[in-house]
Amino acid sequence: MAYVSIADRDHEIEHHDPQTFITKYVWSQDHKVIAIQYGGTAIVVGIVALCLSVMMRLQLGFPDSFDLITPENYYQFITMHGMIMVIYLLTALFLGGFGNYLIPLMCGSRDMVFPFMNMLSYWVYLVSVIILLASFFVPGGATGAGWTLYPPQAISQGTPGTDWGILMMLGSLAVFIVAFTMGGLNYVVTVLQARCRGMTLMRMPLSIWGIFIATILGLLAFPALLVSAIMMILDKTLLTSFFMPAMISAGEQTSHAGGSPVLFQHLFWFFGHPEVYIVALPAFGIVSDLLATHARKNIFGYRMMVWALLAIGGLSFIVWAHHMYVSGMNPYFGFFFATTTLIIAVPTALKVYNWVLTLWQGNIHLRVPMLFAIGFIFTFTHGGLTGLFLGNVTIDLPLSDTYFVVAHFHMVMGVSPILVVFGAIYHWYPKVSGRMYNETLGRWHFWLTFIGTYSIYLPMHYLGFLGVPRRYFAMGDTDFMPDSAQTLNASITITVIIVALTQLIFLYNMIASLRNGKPAGPNPWGATTLEWQTPDTPPKHGNWGHDLPVVHRWAYDYSVPGQEQDFTPQTVPADEVPVGRDHGVDH
Amino acid sequence: MTITLVFLGAIMITVITWLLRQTLNTQPWVSDAAADAVSGTSLDTSNKAIGLTTFLAVATAIFALFLSAYTLRMQQPDWRPLADPGILWFNTAILILASIAYHWTRNAAVNGNTARLKPGLLISGALTFTFLGGQLLAWQQLNASGFYVYTNPANAFFYLLTAVHGAHLLGGLWVWARSTTKVWTGAEADSVRLSIELCTVYWHFLLLVWIVMFGVLLST
């Protein structure tokens, strides 16, 4: 393969040195500023979604005690909570936030390859967030269709927000997808084309692999959401019948006829399942780097980890209908999708084993990022195991509409990625801000969040086995639900409030440490990857000063025997410090 | 969903095979002078070309999903096939000519023939606008004969697919307008060469999409 030398290429990257405050911090084309803008916006909108979940829990724990929460509000809260958390927080934070910050720094480039488009991506994302939040204030309020937006109820009278709310939601999603596509093209091309000399694909840290493959998934999966959003907008505004069947609404025949609601479900989940991995793969990658760095040990089975990411990414496109077992499909399809779903467990379990084996005989430093990373292994394994239950058609059918499902997906794609997000923020905070956070507050934040989320979701599995239905505003009086179920619900709600308040510790720590934190120095963790080897901390515009770095080894040369330091940065040549295996380290 | 699966399967197999070939037989944990010498560029082509290729994959996903939805919705009993207006044949011919004209312009740009760029770009643009006008005319004819968007899903899909295709062409015309302005203000062939080359690829792509779409519309 022909390679272009770096010296020929460096001038091709647009140098867009910021001149004024506005171009430096607002309309900035610097990937680091864009990353912080993306991350900050995502966290703000995530806090809104967190407040919504507290409101829902207040109703479930203490029914009819709060006049503020009507059944309509409740459904609007559910819908907005789900959509915000999955798309506007997690997708935007992992790819727009961490992707933007880490890809150029970890790959050794000065910026993304298309900086202007990168800037545009953030501002278009902000527009989508504003449209979404504005839908609370339009006549009829936000949509209450559930985050899956299933027709016919999403656009039929009786569901909250069928006039304006649903249109704003669909419009906001379409705008978000445009923003994501602009960002995604940048991430893919930057990883492929803008790495520094010596950074072969297999020397990339796993964080970059996770983000890279998740971006490819996103680029191919989001179109399905776009297509279904466009068609639903037409069903709503031009009265077409793509998804809408003939219906009697409020005693009158609607003008729709013949549409197929299941078609929407296919399109939605064709996006929806890969979306799980769009969120999970960056988390997998980042957690691998956190574990290796804080256990001072190379990641176990690096190549297997990369191939497992590829396998999970490929398989994630042929499992979507396991979300639709209850929609009345052909049982043979159910068999097929159950099989593919269970096959995904193989590469995923392989990753879990590798994380645990990375810790084995490591020199484990239980610093805050490491606590979150180890916490992730627990919650992810837990959520993954209940996924095996739900992947089987016969077990899914009775459990599908219960709290078991709520517990499962919150464990696997709520708590787990969020633990990685926290771990990653603590891990890279010294590089982003140049300061250390307060370790004690960080520990409090971890333990309260970790134990708290377990006490929220573990009992929900039990509620699910009891048959407590999800999505209900109030449970009413039924024989199969004992009184203790309601007591449990109340205790979950109290825990939710504690966990939500705990996040204030995190916010305080992050903000106060900007001013009070000890100066972190360039490489407080003794990490090998490139972002810790920048000439300035925080890195300046252009990242690398005059010369681009040159890479001589993989990202995991920790604890090479016979060396004074227990880490060797990727930039150190092999003739100065031998590469791990050369020195007789057995893998 | 078969259409989408076939297409996505092809893309995923391409991506995964390529990545596997890059990653098999490498041992990143040993020193490797050859790897040290590698510049971090994976492909010997311009970043914009890779950007466009990636975007074409996204656009193909969108069209494949629409066609999947089309074939699934078609199975419902209320589907009444649409008699496609005859003007579509004329439009198809115009779009083919537009593609040829763009290719001709591209050849001029590659050979450094600045003089031929102006007529080339003008003809390609005019033909593309003619195509879009022809599509609008087809809409008008259908509307005039009572084939409204809401009367049957077949009509709805016709309007939707042509609109999405037209919107992609409009996006292409934005880039076309930029290179045309550059050429008019005296730019040399070299400075617009890449953008014209990429536009040519994009035009060919949209022609191919249109031919597949037209085929599906005619046959169903």
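Everything numeric in this text was worked out from a predicted model, so none of it was measured. Values below: every heavy atom of this structure, side chains too, minus hydrogens, waters and symmetry copies. Throughout, protein chains are lettered first and strands after them, A, B, ... in sequence-line order, and every chain is numbered starting at 1.
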Min side-chain heavy-atom separation A:Ile230-B:Phe66 under 4.5 Å: yes
Side-chain heavy-atom pair B:Ile11, A:Phe317 within 4.5 angstrom cut-off: no
Heavy-atom pair of closest approach, residues [X] and [Y]:
{"X": "B:Leu160", "Y": "A:Phe242", "answer": "CD2-CZ, 3.8 Å"}
{"X": "B:Ala61", "Y": "A:Leu220", "answer": "CB-O, 4.2 Å"}
{"X": "B:Asp36", "Y": "A:Val551", "answer": "OD1-O, 3.7 Å"}
{"X": "A:Leu263", "Y": "B:Arg73", "answer": "CD2-CB, 4.1 Å"}
{"X": "A:Gly258", "Y": "B:Gln76", "answer": "O-CG, 3.6 Å"}
{"X": "A:Leu310", "Y": "B:Ile16", "answer": "O-CD1, 3.8 Å"}

Any side-chain donor near an acceptor of the partner, A:Arg303 and B:Thr26, under 3.5 Å: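 B:Thr26 and A:Arg303 do not have a side-chain donor-acceptor pair below 3.5 Å.
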B:Phe157 portion near chain A, given a 4.5 angstrom heavy-atom threshold: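 The answer is both parts of B:Phe157.
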Under 4.5 Å from a heavy atom of chain A, the part of B:Val164 involved: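 For B:Val164, there is no contact with chain A at all, as no heavy atom is under 4.5 Å.
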Side chain to side chain contact (heavy atoms under 4.5 Å, CB included) between A:Trp554 and B:Gln27, intermediate numbers included: CA-CA 9 Å; A:Trp554 71 332; B:Gln27 292 186 316; over 6 Å; no
Under 3.5 Å: donor-acceptor pair, side chain of A:Arg197, backbone of B:Ala37: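 Confirmed, A:Arg197 side chain pairs with B:Ala37 backbone.
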Check: B:Gln22 side chain, A:Thr200 main-chain N or O, donor-acceptor pair, under 3.5 Å: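 Flag not set: sc B:Gln22 to bb A:Thr200 has no pair under 3.5 Å.
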Per-residue contact mode, A:Ser241 against chain B (heavy atom under 4.5 angstrom): both
Under 4.5 Å from a heavy atom of chain B, the part of A:Phe270 involved: side chain
